[in-house]
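Please read the structure below before turning to the comments.
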Amino acid sequence: MNAKAGLITMKPTIYDVAREAGVSIATVSKVLNKSGRISDKTREKVGRVMEELNYQPSLVASALTSRRTGTIGLMIPDIANPFFAETARGIEDYAQEQGSDLIVCSTDRSDEKAARYISLLLRKRVDGLIIASHTGNPELIRGMVADHVPLVLFSADIRMLEGNSVTVDDYKGGYQATEYLLSLGHRRLGVISDNLPGSRLRVEGFLDALKAAGISFDNPANMIHTSATLENGRTAAAEMLNQAQNIRPTAIFGCNDLLAIGVLKEARSAGLSIPRDLSVVGFDNTMLAEICHPSLTSIAQPLREMTEQAMLLLNESISNPTSPKRKIMLMPELVIRHSTGPVPH
């Protein structure tokens, strides 16, 4: 209510902006959507009028005229996992730079939740999707690709799917971690993985590196699959370290940093010194790897480059939903810190 005039103040509309700027509604729409050929002078004039009128564009109206809502959906398996928290931050930064808002959905590794979130995001008419969470239903993804829904799979891929994806070479990362531990003299190695597709490839790399070195992996107790939490890392480590000293591992590869840091915590609780008694390698190279004690040797995913490539692919797909799809695989890198050392004698 306007106290002086006693009248209800109406929100300015796109028509008001067009009238005050002396341009067509189509021109205002082009300025809003950053599309079409408009002179800098006209663009500045329309922008100035918007500021003077305090004009806030309607998302619904914008979607009707441009078929875009300025929103992007991101699905991750667990916001508590620092790798996916850092992923969300990186994608949000790029989205903000291009004037888009990000909707983040954490599926808690639930296939049902993933399907529900996908349905919700599509009903919200997001411009595109970045899916970093395993859906358990590849047909759902295939259906969206067939319908030309702009989407990018992130840090995971579906084999035989003609769709956009950005991944790291998980197999090579697992191989690198194992090869490094072998170079330190370790021969009894353990591995703890989660249930994400990338981890399966990391375990494949782990086993193949052992095989290439002529070492047989003959103790099933030294391979544990669990979900990625610190507590699960501790529990798995306890199972391995409670074995007889001549068969328990002298080094453990955690297929992500959360599991590896869980191993560190459990080893210290058991009175073991890191890395004198046990070496530990993680995967992802999150900020936790640097600040934990001792700092964690980890396989780094080039996260900044991955998020940038994901946004570039998504923007291509939004601009042209039928454009050729691309699969980008980036290389991991071993980052050596204080959690690894020579095999104990």
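Just so we're clear, the structure is a prediction, and the values are computed from it rather than from any experiment.
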Task: Partner residues of Arg123 under the side-chain hydrogen bond (donor to acceptor under 3.5 Å, both in side chains) criterion, sequence neighbours left out - done: Ser119
Open item on the list: Assess, by modelled atom type and distance only, whether the side chains of Thr340 and Thr297 contain a donor and an acceptor separated by less than 3.5 Å.
Closed with: yes
Open item on the list: So, using salt bridge (Lys or Arg N to Asp or Glu O under 4.0 Å) as the criterion, who are the partners of Asp277 when residues are at least two apart?
Closed with: none
Open item on the list: Clusters formed by hydrophobic residues whose side-chain heavy atoms approach within less than 4.5 Å: which one holds Met287, and what are its other members?
Closed with: none
- [ ] List for me each residue that meets side-chain hydrogen bond (donor to acceptor under 3.5 Å, both in side chains) alongside Thr250, sequence neighbours excluded, and say none if there are none.
- [x] His186
Task: Remaining members of the apolar cluster that contains Met240, side-chain heavy atoms under 4.5 Å - done: Ile192, Ile224, Leu230, Leu241, Ile252, Leu258, Leu259, Ile261, Val263, Leu264, Leu272, Ile274, Leu278, Val280, Leu288, Ile291, Leu296
TODO: Determine whether Phe206 and Leu189 make a side-chain contact, defined as any pair of heavy atoms from C-beta on separated by less than 4.5 Å.
DONE: yes
Open item on the list: Please determine whether the number of non-hydrogen atoms from other residues, nucleotides or ligands lying under 6.0 Å from atom CD of Glu162 exceeds 12.
Closed with: no
Task: Arg187 atom CZ, over 12 foreign heavy atoms within 6.0 Å - done: yes
Task: Salt-bridge criterion met for Arg142 and Glu139 (N-O under 4.0 Å) - done: yes
Open item on the list: Could you measure the distance from the CG atom of Asn222 to the CD atom of Glu239? Nearest 0.5 Å is fine.
Closed with: 10.5 Å
Open item on the list: Any non-hydrogen side-chain atom of Val166 less than 4.5 Å from a side-chain atom of Leu313?
Closed with: yes
- [ ] Give a yes or no on this: more than 12 heavy atoms of other residues, nucleotides or ligands lie within 6.0 Å of atom CZ of Arg268.
- [x] yes
Task: Partner residues of Ser339 under the side-chain hydrogen bond (donor to acceptor under 3.5 Å, both in side chains) criterion, sequence neighbours left out - done: none
Identify each donor-acceptor pair in which a side-chain atom of residues 208-221 lies under 3.5 Å from a protein atom, sequence neighbours left out, and give them as a table.
residue	atom	partner	partner atom	Å
Asp208	OD2	Tyr171	OH	2.7
Asn219	OD1	Ala221	N	3.1
Asn219	ND2	Gln243	OE1	3.0

TODO: For Asn164, check side-chain hydrogen bond (donor to acceptor under 3.5 Å, both in side chains) against everything at least two apart and list the hits.
DONE: none
TODO: Apply side-chain contact (heavy atoms from CB on, under 4.5 Å) to Ala244 and list each qualifying residue two or more places apart in sequence or on a separate chain.
DONE: Asn246, Ile247
Open item on the list: Do Val281 and Ser298 have side chains that approach each other closer than 4.5 Å (heavy atoms only, starting at C-beta)?
Closed with: no
Task: Pairs satisfying ring pair (Phe, Tyr, Trp, His ring centres under 6.0 Å), at least one member in residues 262-307, at least two apart - done: none
Sequence neighbours left out, cut at 3.5 Å: what donor-acceptor pairs do the side chains of residues 73-83 make with other protein atoms?
residue	atom	partner	partner atom	Å
Asp78	OD1	Ala80	N	2.9
Asn81	OD1	Phe83	N	2.9

TODO: Hydrophobic side-chain clustering at under 4.5 Å (ILVMFWY, transitive links): who's grouped with Met329? Put none if nobody.
DONE: Met331
- [ ] Could you tell me whether a side-chain N or O of Thr42 sits under 3.5 Å from a main-chain N or O of Ile38, the two making a donor and an acceptor?
- [x] no
Open item on the list: Can you tell me if Lys327 has over 12 outside heavy atoms packed within less than 6.0 Å of its NZ?
Closed with: yes
Open item on the list: What I'd like to find out is whether the side chain of Pro302 reaches to under 4.5 Å of the side chain of Glu333, using heavy atoms alone.
Closed with: no
- [ ] Taking the side chain as every heavy atom from C-beta outward, state whether Leu207 and Met223 have any pair of such atoms under 4.5 Å apart.
- [x] yes
TODO: Using distance alone, with no hydrogens and no angle criterion, decide if Ser227 and Asp194 have a side-chain donor and acceptor under 3.5 Å apart.
DONE: no
- [ ] Hey, could you give me the CD/CD distance between Gln176 and Glu179, rounded to the nearest 0.5 Å?
- [x] 8.0 Å
Task: Residue pair Arg326 / Glu316, side-chain heavy-atom distance below 4.5 Å - done: yes
Open item on the list: Within the 4.5 Å heavy-atom criterion, are Lys113 and Asp108 side-chain neighbours or not?
Closed with: yes
- [ ] Indicate whether the side chain of His148 and that of Thr322 have a donor and an acceptor atom separated by less than 3.5 Å.
- [x] no
Open item on the list: Quick check against the 3.5 Å criterion: does Ser269 have a side-chain atom that pairs as donor or acceptor with the backbone of Lys265?
Closed with: yes
- [ ] Examine the side chains of Thr107 and Ser110 and answer whether a donor and an acceptor come within less than 3.5 Å of each other.
- [x] no
Task: Test item: Ile131 and Ile141 side chains (from C-beta on) under 4.5 Å apart, heavy atoms - done: yes
Task: Check ion pair Arg68-Asp127 (N to O, under 4.0 angstrom) - done: no
TODO: Go through the side-chain N and O atoms of Thr229 and Asn232 and say whether any donor and acceptor fall under 3.5 Å apart.
DONE: yes
Open item on the list: Side chains of Asn315 and Gln98 only: does a donor on one sit below 3.5 Å from an acceptor on the other?
Closed with: yes
Open item on the list: Is it the case that the side chains of Asp101 and Thr71 hold a donor-acceptor pair, with the cut-off being a distance below 3.5 Å and no angle test?
Closed with: no
- [ ] Using a cut-off of 6.0 Å, state whether more than 12 heavy atoms not belonging to Glu204 lie near its atom CD.
- [x] yes
Task: Rounded distance (nearest 0.5 Å) linking atom CD1 of Ile72 with atom CG of Leu129 - done: 9.5 Å
Open item on the list: When you measure from the side chain of Thr307 to the backbone of Gly90, do you find a donor-acceptor pair of N or O atoms at a distance under 3.5 Å?
Closed with: no
Open item on the list: What's the separation between atom CD in Gln309 and atom CZ in Phe154, rounded to the nearest 0.5 Å?
Closed with: 10.5 Å
